[in-house]
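Worksheet: the structure to be examined is printed underneath.
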Amino acid sequence: MNVGEELQKLNVGEEEFQFSQVVINPETIRAVMINEIVPADPADDFYGGTKAAYMSTTIPLFQKAGIQVNTVQNILDKGIYITNAVKISKTDYTVAKESIEKSLPYLERELALFSNVKVIMLMGDVAKKAFNMISKKETRKNAVPSISTYKLRHSEIFYKGIRIIPSYIMTGKNLLIEKSKFEMASEDIAAMYKLIME
């Protein structure tokens with residue numbers, strides 16, 4: 001199944017959404033990692049090719065977590081799918097709430113493709129916001145409490161039987177500079193991997 005083609009079926013408007021053009025067997029996916037937003041250039045996205053900027057931080061995070069990967073295909077082969085909450089690249093420094101809302105139906109559809117998911121990781125505040133919007137629509141309450149990520153990291157949060165792990169953004173050059181966030185995100189990835197291997 002091509003994820004991008006599946007999501008494109010929902011796109012009836014004029015909006016320029018970016019969808020992951022990746023072919024996978026959805027039944028093999030045990031974890032979904034939701035990053036914040038698509039890059040301006042689709043070639044920099046997780047499935048954009050060997051020189052994708054998003055993979056320049058993602059691979060070191062996995063390796064720091066003790067998971068030997070060198071490509072996004074290696075990550076998929078371990079049952080982990082990575083996506084972005086917002087499917088429109090940003091024009092300002094911050095991600096507009098409107099962009100999150102416009103992308104929500106696509107994220108919901110994307111998550112629904114994977115029936116065997118045990119863990120969803122929310123990589124950054126935008127991912128956390130988007131996921132809470134989805135849960136609020138269904139249950140009228142946030143799945144993830146609106147408090148700092150570092151206070152939530154070791155909490156056991158579940159949504160519809162799926163373990164939710166709030167963590168830190170996994171892309172951007174700043175991540176390699178912010179050693180503590182890099183460290184914590186890699187610890188969270190290691191915890192996710194342990195859960196899906198049980």
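For the pair Thr149/Asp125, a side-chain contact is recorded, criterion being any heavy-atom separation below 4.5 Å from C-beta on. Within the 4.5 Å cutoff, side-chain heavy atoms of Gln63 are placed close to those of Asn70. With contacts defined as side-chain heavy-atom distances shorter than 4.5 Å, the pair Ile88/Tyr106 does not qualify. With contacts defined as side-chain heavy-atom distances shorter than 4.5 Å, the pair Ile37/Ser103 does not qualify. Residues Arg163 and Glu156 form a side-chain contact, since some pair of their non-hydrogen atoms from C-beta on lies under 4.5 Å apart. The shortest distance between side-chain heavy atoms of Thr57 and Met170 does not fall below 4.5 Å. Proximity of Met33 to Ile189: side-chain heavy atoms (C-beta onward) are separated by under 4.5 Å at one or more points. For the pair Met133/Leu107, no side-chain contact is recorded, criterion being any heavy-atom separation below 4.5 Å from C-beta on.
Legend: ring-ring contact (aromatic ring centres under 6.0 Å, His included) pairs involving residues 29-51, not counting sequence neighbours, sorted by first then second residue: Phe46-Tyr54, Tyr47-Tyr81.
The residues Lys87 and Glu110 are annotated as salt-bridged, a charged nitrogen and a carboxylate oxygen being separated by less than 4.0 angstrom. Taking 4.0 Å as the cut-off between side-chain N and carboxylate O, Lys118 and Glu198 do not count as a salt-bridged pair.
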| Taking it one step at a time, do Lys9 and Arg109 satisfy side-chain contact (heavy atoms from CB on, under 4.5 Å)? | CA-CA 10 Å; Lys9 291 174 187 173; Arg109 175 71 187 117; over 6 Å; no
| said: One pair to check against side-chain contact (heavy atoms from CB on, under 4.5 Å): Thr139 and Lys160. What are the steps and the verdict? | reply: CA-CA 10 Å; Thr139 65; Lys160 294 184 173 179; 5.6 Å; no
| side-chain contact (heavy atoms from CB on, under 4.5 Å) between Leu10 and Glu108, intermediate numbers included | CA-CA 11 Å; Leu10 290 181; Glu108 283 182 274; over 6 Å; no
| request: Evaluate the side-chain contact (heavy atoms from CB on, under 4.5 Å) criterion for residues Thr94 and Lys90: first the C-alpha distance (whole Å), next the side-chain angles of each, then the deciding distance (0.1 Å), finally the verdict. | output: CA-CA 7 Å; Thr94 57; Lys90 64 182 174 184; over 6 Å; no
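Put simply, the side chain of Asn2 gets close to the backbone of Gly4: a donor and an acceptor are under 3.5 Å apart. Ser167 places no side-chain N or O within donor-acceptor distance of the main-chain N or O of Arg153, the cut-off being under 3.5 Å. With hydrogens and angles disregarded, a donor-acceptor distance shorter than 3.5 Å links the side chain of Asn132 to the backbone of Ala143. Side-chain atoms of Ser186 do not come within 3.5 Å of backbone N or O of Leu61 as any donor-acceptor pair.
Taken together through direct or relayed side-chain contacts under 4.5 Å among Ile, Leu, Val, Met, Phe, Trp and Tyr, Ile147 and Leu122 form part of one hydrophobic cluster. Taking hydrophobic clusters as Ile, Leu, Val, Met, Phe, Trp and Tyr residues chained together by side-chain heavy-atom distances below 4.5 Å, Met197 shares a cluster with Val117. In the hydrophobic cluster analysis, where Ile, Leu, Val, Met, Phe, Trp and Tyr join through side-chain heavy atoms closer than 4.5 angstrom, Met184 is grouped apart from Phe62. Note: the hydrophobic cluster containing Leu195 also contains Phe131 (ILVMFWY, side chain heavy atoms under 4.5 Å, direct or indirect links). Transitive grouping of hydrophobic side chains (ILVMFWY, heavy atoms separated by less than 4.5 Å) keeps Tyr168 and Val144 in distinct clusters.
Atom NZ of residue Lys78 and atom CD1 of residue Ile196 lie 9.0 Å apart, to the nearest 0.5 angstrom. A distance of 13.0 Å separates NZ in Lys128 from CD1 in Ile169, rounded to the nearest 0.5 Å. In this structure, CD1 in Ile29 is found 8.0 Å from CG in Asn25, a value given to the nearest 0.5 Å. With rounding to the nearest 0.5 angstrom, the CD1 atom of Ile134 is 11.0 Å from the CD1 atom of Ile100. Atom CD1 in Ile120 sits 5.0 Å away from atom CG in Leu111 (nearest 0.5 Å). To the nearest 0.5 Å, atoms CE (Met192) and CZ (Arg30) are separated by 13.0 Å.
For the pairing with Ile82, the side chain to side chain contact (heavy atoms under 4.5 Å, CB included) check across Val22, Asp45, Thr58 returns one residue only, Thr58. With Thr83 as the partner, the side chain to side chain contact (heavy atoms under 4.5 Å, CB included) test is satisfied by one option alone out of Val3, Leu7, Ile34: Ile34.
There is no side-chain donor-acceptor pair under 3.5 Å between Lys151 and Ser155.
Annotation for Lys141 and Ser135: closest pair O-OG, 3.0 Å, computed over non-hydrogen atoms. Nearest heavy-atom pair, Asn35 versus Ala127, reported as atom, atom and distance to 0.1 Å: O-CB, 4.0 Å. Of all heavy-atom pairs spanning Pro39 and Ser89, the tightest one is O-CB, 3.6 Å.
Residue Gln73 places its CD atom among more than 12 non-hydrogen atoms of other residues, nucleotides or ligands, all under 6.0 Å distant.
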